[in-house]
Visitor: 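Let me begin by handing over the structure; questions about it come next.
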Amino acid sequence: MKALFLVGGRGTRLRPLTNKIPKPMIPIMGKPLLERNILNLKNVGIEEVVLSTCYGAQYIQRYFGDGERFGMKIHHVKEDRPLGTGGAIKNAEKYFDDTFLIFNADIISDIDLKELIKYHREKAADVTIAVTQVDNPSMYGVIEYDENNYAISFKEKPQPHEITSNFINAGVYIFEPKVLKEIPAGCVVSVEREVFPQLIEKGYKIAVYKGCSYWIDIGTPEKYLQAHMDIMAGKYRISGLSFSGKGIYKGPGSDIHSSVKIYEPVYIGANVKIEENASIGSNVIIGDNVHIGKGVKIVGSIIWDGVVVENGARLVNTIVASNCRIRHGGDYYSTVYVEEDSRPMAI
Ligand code: GDD
Ligand code: MG
């Protein structure tokens, strides 16, 4: 089975983190989200992936190439202008002549794909949509379904009075290739607002699958931080890392002074230098090639690669983007810091 990732969105709500890199490339525990999601597929025997790109296409193409480095076959289908989620699926049609998976690229979930595929077959569905329950469905696509778990209606980004269910589209689908002929080619189409409702009208069967126990859309800086806190708490497991509210991971080549206080859980990438009397943790994720000065205090924060934090700085509940320098004595609380000359944004 092959899989398609929709990776062409603009990532507007994640700004300024997505000012320089496309949303699917933002690091989750030090590795691009898309890389983590693609590698997860290998565990279920999927080794051929299509990336439907638009914004930041070159960045994604350069990083993944033909996939050889990851032991996968990766194809890139680039849109010159955004075609929307449905248009992007149609645009990749030539790669799919059998049942295939589709993923939104900004989610983390522990969905059991083998179970999902089995369920799709049992329900003899033309499309299966994974759904998950959330407290506030207004930012998502609400799906109503019948007693046999076939979808009957869709409401994307509902107004409060339109929220009839708190089961939402989790951004993971299985498609039979025959439904692709129902999507018009070469134009902007939304799979959620147009394709799904039209398929139901035409009598296609869309099954809903309720199998995610952990699910998050990391579409905002708040959610991005939340996802990391959940990983640190052990609510979502990443292969090769084991955090459960405790745990220290140290990458190769780290140089941590003996006076540094570390409060678990903490993740420290490769080639990180931490100087005297710094205090790191709890819930801190530090990328590769980071230099942390004397007396720095970091709590509940994510530091990307190549960052320098000068002596005496304090970072709490803060995200610092790659290659930034936090000046001596800088004090940031609930902030996204992407570069020195742009104003840090409050989370
Ligand atoms: N290639 C391409 N072209 N990809 C696109 C385009 C496009 O024009 N527009 C969006 N995408 C990709 C995004 O990169 C993302 O991976 C995915 O499609 C979904 O787009 P988002 O912009 O993240 O949508 P959303 O979060 O508002 O809503 C979607 O996801 C929710 C779950 O997280 C919908 O599918 C909702 O129904 C769903 O509940
Ligand atoms: Mg999203």
Side-chain angles (χ1 to χ4, degrees), residues 3-15 17-18 21-26 28 32-34 36-38 49-61 75-93 95 101-109 111 127-145 151 153-158 162-163 165-173 175 183 186-197 206 208-210 212 214-224 226-227:
L4 169 66
F5 282 86
L6 302 174
V7 297
R10 200 153 201 170
T12 322
R13 284 164 295 169
L14 252 181
R15 280 183 191 153
L17 290 173
T18 45
I21 58 171
K23 177 165 66 168
M25 297 306 289
I26 69 165
I28 296 292
L33 166 65
L34 184 57
R36 294 213 177 270
N37 281 336
I38 287 178
V49 162
V50 180
L51 303 180
S52 160
T53 58
C54 186
Y55 290 106
Q58 278 163 320
Y59 194 117
I60 293 172
Q61 170 103 38
H75 310 276
H76 301 257
V77 182
K78 182 180 171 307
E79 293 150 42
D80 296 327
R81 62 184 178 111
L83 290 174
T85 45
I89 295 169
K90 178 71 175 179
N91 205 34
E93 184 170 15
Y95 290 101
L101 279 156
I102 304 178
F103 296 92
N104 285 354
D106 55 352
I107 54 159
I108 299 180
S109 125
I111 186 166
V127 168
T128 296
I129 303 178
V131 295
T132 188
Q133 252 176 317
V134 292
D135 293 335
N136 177 10
S138 63
M139 295 177 303
Y140 305 103
V142 167
I143 302 186
E144 279 187 301
Y145 50 89
S153 79
F154 298 87
K155 189 77 213 176
E156 192 63 23
K157 315 287 181 311
E162 293 172 318
I163 299 175
S165 152
N166 62 350
F167 277 97
I168 57 120
N169 170 1
V172 180
Y173 319 127
F175 268 46
I183 308 177
C187 53
V188 180
V189 187
S190 158
V191 76
E192 302 88 346
R193 293 174 198 271
E194 296 165 80
V195 178
F196 290 150
I206 302 187
V208 301
Y209 175 76
K210 299 179 188 163
C212 316
Y214 182 79
W215 183 89
I216 193 165
D217 167 323
I218 56 147
T220 63
E222 240 176 314
K223 291 280 185 62
Y224 176 69
Q226 182 63 48

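Given the structure is predicted, the values throughout are model-derived calculations rather than measurements. Atoms within a ligand are numbered from 1 in the order they appear, just like the ligands themselves.
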Visitor: Any side-chain heavy-atom pair from Ile168 and Thr132 closer than 4.5 angstrom?
Guide: yes

Visitor: To check your reading of the model: name the closest protein heavy atom to atom 24 (O) of ligand 1, its residue, and the distance in Å.
Guide: Arg13 NH2, 4.2 Å

Visitor: Quick test: of every protein heavy atom, which one is nearest to atom 28 (O) of ligand 1, and how far off is it to 0.1 Å?
Guide: Lys157 NZ, 3.3 Å

Visitor: Checking a contact table here: which protein heavy atom is nearest atom 38 (C) of ligand 1, and how many Å away?
Guide: Asn169 O, 3.2 Å

Visitor: Ala105 to ligand 1: N or O pair under 3.5 Å?
Guide: yes

Visitor: Looking only at protein heavy atoms, identify the closest one to atom 30 (O) of ligand 1 and say how far it is in Å.
Guide: Asn104 ND2, 3.0 Å

Visitor: Is there a polar contact between ligand 1 and Asp106, counting only N or O atoms under 3.5 Å apart?
Guide: yes

Visitor: Considering only heavy atoms, does Asp217 approach ligand 1 within less than 4.0 Å through its side chain, its backbone, both, or neither?
Guide: side chain

Visitor: Please report which non-hydrogen protein atom sits nearest to atom 7 (C) of ligand 1, along with the residue it belongs to and the distance in Å to one decimal place.
Guide: Gly84 N, 3.6 Å

Visitor: Identify, for atom 12 (C) of ligand 1, the protein heavy atom at the shortest distance, and state residue, atom and that distance.
Guide: Leu6 O, 3.5 Å

Visitor: May I ask you to identify, for Val7, whether its side chain, its backbone, both or neither come under 4.0 Å of ligand 1 on a heavy-atom basis?
Guide: backbone

Visitor: What do we get for Tyr173 next to ligand 1 when only non-hydrogen atoms under 4.0 Å count, side chain, backbone, both or neither?
Guide: side chain

Visitor: Give the atoms of ligand 1, by number and element, whose distance to some non-hydrogen atom of Trp215 is under 4.0 Å.
Guide: 32 (C), 33 (O)

Visitor: Please find the N/O/S atom of Asp217 nearest to the Mg ion (ligand 2) and write down its name.
Guide: OD2

Visitor: Can Glu79 and Asn91 be said to form a side chain to side chain contact (heavy atoms under 4.5 Å, CB included), step by step?
Guide: CA-CA 8 Å; Glu79 293 150 42; Asn91 205 34; 3.6 Å; yes

Visitor: Would you mind telling me if ligand 1 is within reach of the side chain of Leu83, the backbone, both or neither, using heavy atoms under 4.0 Å?
Guide: backbone

Visitor: Give me the nearest non-hydrogen protein atom to atom 14 (O) of ligand 1 as residue plus atom name, then the distance to 0.1 Å.
Guide: Gly9 N, 2.8 Å

Visitor: With heavy-atom distances below 4.5 Å as the criterion, would you say the side chains of Val134 and Trp215 are in contact?
Guide: yes

Visitor: Of all the N, O or S atoms in Asp106, which one sits nearest to the Mg ion (ligand 2)?
Guide: OD2

Visitor: Classify the ring geometry of Tyr173 against Phe196: parallel below 30°, tilted from 30° to 60°, perpendicular beyond 60°.
Guide: perpendicular

Visitor: Test your reading of the structure: does Gly141 have an N or O sitting under 3.5 Å from an N or O of ligand 1?
Guide: yes

Visitor: For atom 4 (N) of ligand 1, what is the nearest protein heavy atom, given as residue, atom name and distance?
Guide: Gly8 N, 3.0 Å

